[in-house]
Visitor: 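Quick one: the structure is below, questions incoming.
First the proteins, then the strands, lettered A, B, ... as listed; each starts at 1.
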Amino acid sequence: MGMCNYPENIRNFCIIAHIDHGKSTLADRILEMTKTVAQRDMEEQLLDNMELERERGITIKARAVRLNYTAKDGNDYIFNLIDTPGHVDFNYEVSRSLNACEGAILIVDASQGIEAQTLANTYLAIEQDLEVVPVINKIDLPSARPDEAKEEIESVIGIPADDAPCVSAKLGINIEAVMEQIVKCVPPPKGNKDAKLKALIFDSYYDAYKGVIVHIRVKEGTVKVGDKIRMMATKAEFQVTELGYMGAFGLISADELKAGEVGYIAASIKSIGDTKVGDTVTLADDPADEPLAGYRNVNPMVFSGIYPADGSKYGDLRDALDKLQLNDASLSFEPETSIALGFGFRCGFLGLLHMDIIQERLEREYNLDLITTAPSVVYRITKTNGDVVMIDNPTNYPDVSEIQLAEEPMVSAHIFSPSDYVGSIMELCQDRRGVFKDMKYMDEKRVDIHYELPLNEIVYDFFDALKSRSRGYASYDYEVIGFAPSKLVKLDVMLNGDVVDALSFIVHADKAYPRARRITEKLKENIPRQLFEVPVQAAIGGKIIARETIKAMRKDVLAKCYGGDITRKKKLLEKQKEGKKRMRQLGTVSVPQEAFMAVLKLDE
Amino acid sequence: MSRGLYIHIPFCLSKCPYCDFYSVKYSCETAEKYKDAVIRNLLCYNEKFDTVYFGGGTPVLLWKEICEILEHISMEENAEITVEANPCCSDKENLSALKKAGVNRISFGIQSLNDKELMALGRRHDAKTAVKAVETAYNCGFDNISADIMLGTQGQSVKSVESTINELSLLPLCHISAYMLKIEENTPFAKMRLNLPDEETVCDIYLSAVEQLENIGIHQYEISNFAESGKECRHNLKYWNCEEYVGIGPAAHSYYKSERFFVDRNIDEFINAEFQATHKETDLAGGCDEYAMLRLRLTQGLMLSEYAKRGGNAEALERKLSLIPQHFFRFNGERLYLTPEGFLVSNSIIGTLLS
């Protein structure tokens, strides 16, 4: 065994890769190489350990692991591999994870080259002064063109890629070169272990026995068991009961964590809300003067009502949300009541993917059947009496006569795309009420199109629309930049003359008409014929702007019921009863769950 | 109250392309063995039946066997004894033999008196044969004759059904069953591209048939059944009134001593077994749901007090009536029944009332 010098032999790094380019596979190979995990114990893609993450091939939460590596120079190194989430919804979390590292491995698929999402994160890494170590993966594929990939890295990103290792993570080819490159290129952490404590929180999760486990990167100073710590943003204080490192199979406790090291702290913390990602941990009795830069309070941007399909499951839904929130501070919820849907919750999410994931986890892990309402952003309304209200639920939208000024949140969006699709992407952005800012050619084939767009135009299906207009090549990245005045209206949907509160939404006046038509059509398609004719109307402030009619059912009968065989009739009745359970009775109209879901997908 | 007896005769010369009742190809030897099995099974029931119904299949094919079976059935004096028959298999010989053996009701599968419609249904007979069969039965002494007709078949219109019923009205019939065609899974019709009248037309045909039959004194008493007063099929009424009956033969259903059970659709098994093997239906028989869904098939409708007596929540049922448009039902505080328009959507109405 060689020497492991502190801090010279520590390497803190993350992996940046496009979906499918092999991030998790490479991480697994590295784990194998360092003998942290024996081959037989390998579960495919160890780092993404949520079922949903594996299925979708995306990382939802950051994760970290500490590895030991004996390099060719004979020295032992400590590798801290920090996995990062891979979606624009989690941009802030990505930036905090990157901030915990000195280097980033950039995986580029040898046949596909650099993809836009990778680029966004690579720029983020370069901005934070990380050393980027390019790796060319999937060289085992017949279509692999490693030299072209290297050239692309040099021309697009502007970093040397000549000696980038060419590997196959899948087949385990040349992984050692990656390890050596990390040793050689990623600088050891800086920071003074004797300075006042400053540790960056980059993740946290709830453990039933130890309370919240906080993942930190110590930037300055040292933290020991028994220390009284303070979270500089939330001002919460705790006593450290345990700290240590994240091993591949669990926590390994230690006595102290010093500047440059990555590890965890447990301090009998009850609420994950006290441990915000990006916050700085310091000592309560000897605090740092300034927190680390870059902390941001993360606010939910997209809101939607979540209701149990079966009203009696309200308590189960609350329990499930409580449990999910333990590990996900960015999820917010509070009870709300809908005339149409009964008791449920208004939930806030970072973005649509986050919303999707929460819904799917509720349904899958907690076995709940849900009805969700159309996602809404937060609008700022100045009333004629001078009051300013934030509206995240169309139900609370004030009457037009009370509104002096309506404003909606705006984002600054960068769309990365091959130049072939510029025309259709700009068309899409124009259609989504975007304001063109500028466009940069990153090379002769790739562009960065910069737009300012209303958030409510991108929360529904912008990503899908972008993908379909660019054959899947374009991706985007956005941040909220503030509010802008807007011509907003509240659109109500009426079934048989009654407003269905759960179907109301806020929309730009110019979009109201086509949306109203689409929504009435969708409802007509998805609500089965009833015993009477049902008008489906969309209205703004009492004025009907679209109408469809669900014709009355005429024939639903079992004509032949004799020979004593009544089983078929009985089965039919049972089926109908079961079907009724899945229906919401709105006045005299039975509305199936699918109808509520269908209006969420207006553009399909 | 006496029970009914249903005997399934699962033999046909050929299978109609829309039919999903259980039947096999007729053969003389199997028919003989089948008769013996039926007689064996009859020994299990120490009952005096007041209705006997031979359904099929094409029961009239086994007229000799039926005559023999009848000798082994003990019956009330005024029992109703029905045999189903096809126009093309019925003649003076077999009909008069059946009459002599005690059969007092014949139900003919006529389906239509329009030859094009009959052809499109894949039937073996034409209108002329059908008319002749009814006349023969009448001449053999039957005064309780029923005809099945089918609504919503290929090529049919309100007009063509009207003329079928017109012609039927000239025959000595006192009962008509008018079934709307339903395409059953696993029948040849389910695999064929049919040119059926649309739903609206079928509804119009049905409503017009109900009215026309009423006008000639054949009143509706069930969704698909019509009769002169007093000639309603007593046997079939047992099904809809939740009364008990014994079923013998493969695919036959029974409601006997408060239990519902059925026999597998397998003739060999039935013939070879000493007594037919039955499977119990898991649901509780005779409950309020069953009562409501069966009685709402009848123009007589259901009685709220009886529904409550069987454990139903009468108040809830009454409340749910507010969800149903007025023209679909009549209710006087105790008796609830559906109108012909209501019958057409009776599945939905019953579903709404009972969930």
Visitor: Heavy-atom distance under 4.5 Å to chain A: side chain of Tyr245(B), backbone, both or neither?
Guide: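 For Tyr245(B), side-chain heavy atoms alone lie under 4.5 Å from chain A.
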
Visitor: Please test Ile350(B) against Gln576(A) for side chain to side chain contact (heavy atoms under 4.5 Å, CB included), starting from the C-alpha separation and ending with a verdict.
Guide: CA-CA 9 Å; Ile350(B) 292 166; Gln576(A) 260 170 333; 5.5 Å; no

Visitor: With a 4.5 angstrom heavy-atom cut-off, could you sort out which part of Phe343(B) is near chain A: side chain, backbone, both or neither?
Guide: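 Contact with chain A: backbone only.
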
Visitor: Quick check: closest heavy atoms across Leu531(A) and Pro325(B), and the distance to 0.1 Å?
Guide: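 Closest heavy-atom pair between Leu531(A) and Pro325(B): O-CG, 3.5 Å.
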
Visitor: Please classify the contact between Gln585(A) and chain B as side chain, backbone, both or neither, with a heavy-atom cut-off of under 4.5 Å.
Guide: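 Side chain only.
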
Visitor: If you tally heavy-atom pairs under 4.5 Å against chain B, which of Thr588(A), Val589(A), Leu573(A) wins?
Guide: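 Most heavy-atom pairs under 4.5 Å with chain B: Leu573(A).
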
Visitor: Side chain, backbone, both or neither: which part of Ile7(B) has an atom under 4.5 Å from a heavy atom of chain A?
Guide: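 Answer is neither: Ile7(B) stays 4.5 Å or more from chain A.
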
Visitor: Drop me the distance from Lys571(A)'s NZ to Glu281(B)'s CD, to the nearest 0.5 angstrom.
Guide: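 So the gap between those two atoms works out to 8.0 Å.
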
Visitor: Quick one: does any side-chain atom of Ser224(B) pair with a main-chain N or O of Lys560(A) as donor and acceptor, under 3.5 Å?
Guide: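 Answer holds: no.
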
Visitor: Is any side-chain heavy atom of Val202(B) closer than 4.5 Å to one of Lys555(A)?
Guide: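 A side-chain contact under 4.5 Å exists here.
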
Visitor: Which one, Glu341(B), Glu200(B), Lys182(B), leads in non-hydrogen pairs under 4.5 Å with chain A?
Guide: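 The residue among Glu341(B), Glu200(B), Lys182(B) with the greatest pair count is Glu200(B).
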
Visitor: What residues of residues 533-554 of chain A sit under 4.5 Å from chain B when you count only heavy atoms?
Guide: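 Listed by number: Met553(A), Arg554(A).
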
Visitor: Does any backbone or side-chain atom of Leu294(B) lie under 4.5 Å from a heavy atom of chain A? Answer side chain, backbone, both or neither.
Guide: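 Just the side chain, heavy atoms under 4.5 Å.
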
Visitor: Of the listed residues (Ser177(B), Ser348(B), Gly4(B)), which shares the most heavy-atom pairs with chain A below a 4.5 Å separation?
Guide: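 Top option by heavy-atom pairs under 4.5 Å: Ser348(B).
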
Visitor: Of all of Ile324(B), Ile223(B), Leu354(B), which one pairs up most often with chain A through heavy atoms under 4.5 Å apart?
Guide: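 Ranked by contacts with chain A, first place is Leu354(B).
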
Visitor: Kindly indicate, with the supporting measurements, whether the criterion side chain to side chain contact (heavy atoms under 4.5 Å, CB included) is fulfilled by Glu290(B) and Ile566(A).
Guide: CA-CA 9 Å; Glu290(B) 212 176 88; Ile566(A) 68 158; 3.6 Å; yes

Visitor: Please check this pair: side chain of Arg297(B) against backbone of Ala559(A), looking for a donor-acceptor N/O pair closer than 3.5 Å.
Guide: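 The answer is yes, because a donor-acceptor pair under 3.5 Å joins these two groups.
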
Visitor: If we define contacts as heavy-atom pairs under 4.5 Å, which of Lys569(A), Glu578(A), Lys575(A) has the most with chain B?
Guide: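 Answer, by heavy-atom pair count under 4.5 Å with chain B: Lys569(A).
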
Visitor: Where does Glu184(B) contact chain A at under 4.5 Å (heavy atoms): side chain, backbone, both or neither?
Guide: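 Contact with chain A is through the side chain of Glu184(B) alone.
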
Visitor: Contact part of Leu558(A) toward chain B, heavy-atom cut-off under 4.5 Å: side chain, backbone, both or neither?
Guide: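 Leu558(A) touches chain B through backbone and side-chain heavy atoms alike.
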
Visitor: Taking all non-hydrogen atoms of both residues, which atom of Gly587(A) and which atom of Leu323(B) are closest, and how far apart?
Guide: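 For Gly587(A) and Leu323(B), the tightest heavy-atom pair comes out as O-CD2, 4.1 Å.
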
Visitor: Does atom OH of Tyr45(B) have more than 12 heavy-atom neighbours, drawn from other residues, nucleotides or ligands, at distances under 6.0 Å?
Guide: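 Enclosed.
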
Visitor: Below 4.0 angstrom, N of the basic side chain to O of the carboxylate: do Asp289(B) and Lys577(A) qualify?
Guide: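 Here Asp289(B) pairs with Lys577(A) in a salt bridge, since their nearest N and O are under 4.0 Å apart.
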
